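Report on the structure given below.
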Amino acid sequence: MTLHPQTVEQFLKSCGTVPPGGLGPFTSLLSHIGIIGKSLARDLRVAGLIDVLGTTGQTNVQGETVKKLDEIANEIFVRVLRQSGVVRALVSEEMEKPVVLSAAGEGSPYLVLFDPLDGSSNTDVNMPLGSIFSVVLPGNGEGRVADADLMRRGVDQVAAGYLLFGSSTMLVVAAGNGVHGFTLDPWLGEYLLTHQNIKIPSKGTVYGANEGNYNKWPPGMRKYFDQLKLVDKAKRRPYSGRYSGCLVADVHRILLVGGIYLYPGETEKPEGKLRLLYEANPLALIVEQAGGAASTGTNRILDIEPVALHQRVPLIIGSRGDVQEAEQCLQGKSSA
Ligand code: P6P
């Protein structure tokens with residue numbers, strides 16, 4: 001008799017390790033993130049038929065035009081995580097300030113930082129989208145949540161994950177015992193284990209980057225990129241370019257098949273575009289726990305000491321061998 005693949009709850013119970021904050025609260029947290037995924041998947045699957053496309057006419061704290069689906073996704077995250085009863089405070093790409101959901105001491109162990117809808121340029125053209133979340137525990141036990149509790153180095157994350165709204169809806173999670181992927185069965189309404197203990201190849205043959213920015217990149221990055229396109233069988237080059245405009249989708253591909261995703265700093269914008277606390281840090285934790293690497297080009301992402309909630313960082317992430325080659329080129333140490 002073929003058993004059904006495990007649900008998230010069954011898998012967490014079978015792991016034998018106690019997840020951060022305890023099995024009960026962590027299972028509840030992932031269950032509520034799963035509800036967010038089901039709600040968003042439902043809206044996205046019929047986006048053209050309901051009034052959720054286009055923009056709200058507002059700009060967010062990032063100075064970016066807010067799509068209707070950005071706002072909807074943010075509202076779903078805040079509402080569902082508030083209902084969960086296990087989240088004490090939130091940080092969102094779409095909100096300037098943190099939101100405190102419960103007073104200290106009410107047994108809500110988690111601080112959750114998230115990008116509610118990643119890949120917004122894809123909302124109106126039926127391309128992949130994602131959500132990214134990072135989980136930390138307050139540094140001061142039951143006390144009031146301070147900004148310092150939220151602005152933590154990536155190494156302090158106790159869990160991280162993403163929802164991917166692609167040809168199927170997936171939940172990928174890293175919580176200290178490997179990286180595991182669950183696929184939503186919309187008929188059962190359950191996320192079922194489909195990718196246990198994901199390991200990224202040490203080197204790949206795929207790159208993801210917006211090459212339209214090529215002439216804004218520093219010389220070392222242009223040099224690395226030029227090398228990737230040379231015909232060199234020994235180095236399995238040229239690599240294949242794969243770029244969807246959704247960070248989650250592009251990094252998910254590289255997590256599974258190997259390679260490198262780059263959103264480097266530019267001469268005018270050395271800090272890059274992607275946000276540290278709820279994009280780079282969670283994806284860096286996931287990729288490192290799968291055996292890969294994540295860097296600014298000079299520093300390990302997870303070691304960065306945050307200075308602002310919405311600060312940006314350059315991101316070079318993927319197979320360890322590819323990230324190391326890119327770093328050496330960027331630092332002028334050698335050609336790739
Ligand atoms: P560009 C989406 O806004 C995002 O943050 C990532 O999902 C994506 O990889 C990147 O920006 C796309 O940026 O400049 O290539 O449009």
Side-chain angles (χ1 to χ4, degrees), residues 8 12 18-37 60-62 73-118 130-163 171-177 274-286 288-289 301-313:
V8 175
L12 288 175
V18 178
L23 180 61
F26 193 71
T27 303
S28 176
L29 176 65
L30 289 192
S31 165
H32 283 85
I33 289 175
I35 290 169
I36 292 166
N60 65 13
V61 62
Q62 324 287 340
N74 191 61
E75 285 162 3
I76 293 172
F77 260 87
V78 174
R79 173 167 43 82
V80 173
L81 292 183
R82 185 190 304 274
Q83 287 168 345
S84 74
V86 293
V87 178
R88 195 183 304 179
L90 301 171
V91 169
S92 167
E93 176 185 325
E94 297 301 328
M95 302 186 294
E96 185 175 0
K97 301 259 185 241
V99 172
V100 178
L101 296 179
S102 64
E106 290 180 8
S108 319
Y110 303 113
L111 308 179
V112 180
L113 302 90
F114 57 89
D115 178 358
L117 197 65
D118 169 68
S131 305
I132 311 169
F133 61 92
S134 168
V135 185
V136 294
L137 297 175
N140 60 350
E142 298 294 316
R144 194 181 63 78
V145 176
D147 276 357
D149 287 308
L150 295 160
M151 288 200 290
R152 309 280 282 282
R153 292 183 309 147
V155 285
D156 292 336
Q157 296 172 102
V158 293
Y162 56 79
L163 291 158
L171 169 64
V172 175
V173 179
N177 67 343
L274 303 176
R275 275 60 55 148
L276 172 62
L277 292 182
Y278 41 79
E279 289 178 322
N281 269 350
L283 293 177
L285 187 79
I286 292 164
E288 280 205 7
Q289 289 201 1
I301 290 287
L302 295 182
D303 288 338
I304 295 173
E305 200 67 55
V307 294
L309 276 180
H310 301 289
Q311 78 181 71
R312 299 170 189 265
V313 285

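Values in this document were obtained by computation on a predicted structure and should not be read as measured data.
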### Task
Begin with the C-alpha distance, continue with both residues' side-chain angles, and end with the deciding distance and a verdict on side chain to side chain contact (heavy atoms under 4.5 Å, CB included) for Ile36 and Leu81.
CA-CA 9 Å; Ile36 292 166; Leu81 292 183; 4.0 Å; yes

### Message
What verdict does the side chain to side chain contact (heavy atoms under 4.5 Å, CB included) test give for Arg275 and Glu93, after you've listed the backbone C-alpha separation in whole Å, the side-chain angles of each residue and the deciding distance to 0.1 Å?
### Response
CA-CA 8 Å; Arg275 275 60 55 148; Glu93 176 185 325; 3.4 Å; yes

### Task
For Gln157 and Leu302, run side chain to side chain contact (heavy atoms under 4.5 Å, CB included): C-alpha distance rounded to whole Å, both residues' side-chain angles, the deciding distance at 0.1 Å, then the answer.
CA-CA 9 Å; Gln157 296 172 102; Leu302 295 182; 3.7 Å; yes

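- Checked against ring-ring contact (aromatic ring centres under 6.0 Å, His included), Phe77 has the following partners two or more places apart in sequence or in another chain: Phe114.
- Looking at heavy atoms from C-beta onward, Ser108 lies out of side-chain contact with Leu101 at the 4.5 angstrom threshold.
- For Thr27 (side chain) and Leu23 (main-chain N/O), a donor-acceptor pair under 3.5 Å exists by modelled atom type.
- Rounding to the nearest 0.5 Å gives a distance of 10.0 Å between CD of Glu305 and CG of Leu276.
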### Task
Begin with the C-alpha distance, continue with both residues' side-chain angles, and end with the deciding distance and a verdict on side chain to side chain contact (heavy atoms under 4.5 Å, CB included) for Ile76 and Arg79.
CA-CA 5 Å; Ile76 293 172; Arg79 173 167 43 82; 3.6 Å; yes

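- Side-chain atoms of Glu288 do not come within 3.5 Å of backbone N or O of Leu285 as any donor-acceptor pair.
- The closest side-chain heavy-atom distance from Asn177 to Gln289 is not below 4.5 Å.
- In this structure the side chain of Met151 reaches within 4.5 angstrom of the side chain of Leu277, judged on heavy atoms.
- The CG atom of Leu171 sits 5.5 Å away from the CG atom of Leu163 when rounded to the nearest 0.5 Å.
- For the atom pair NE2 (His310) and CD (Glu279), the distance works out to 11.5 Å, reported to the nearest 0.5 Å.
- Side-chain contact check for Pro306 versus Arg152: every heavy-atom pair is 4.5 Å or farther apart.
- Neither side chain, Ser134 nor Asn281, offers a donor N or O lying under 3.5 Å from an acceptor on the other.
- Qualifying side-chain contact (heavy atoms from CB on, under 4.5 Å) partners for Val158, counting only residues two or more places apart in sequence or in other chains: Pro20, Val135, Leu137.
- Annotation: side chain of Val145 is not in contact with side chain of Pro98 (no heavy-atom distance under 4.5 Å).
- Within the 4.5 Å cutoff, side-chain heavy atoms of Leu29 are placed close to those of Val112.
- With sequence neighbours left out, the ring-ring contact (aromatic ring centres under 6.0 Å, His included) criterion links His32 to no other residue.
- Here the CG atom belonging to Leu150 is positioned 5.5 Å from the CG atom belonging to Leu113, to the nearest 0.5 angstrom.
- One distance of note links CG of Leu90 with CZ of Arg88; it measures 12.5 Å at 0.5 Å rounding.
- The CG atom of Leu30 lies 11.5 Å from the CD1 atom of Ile35; values are rounded to the nearest 0.5 Å.
- Between Arg312 and Leu274, every side-chain heavy-atom pair lies at or beyond the 4.5 Å cut-off.
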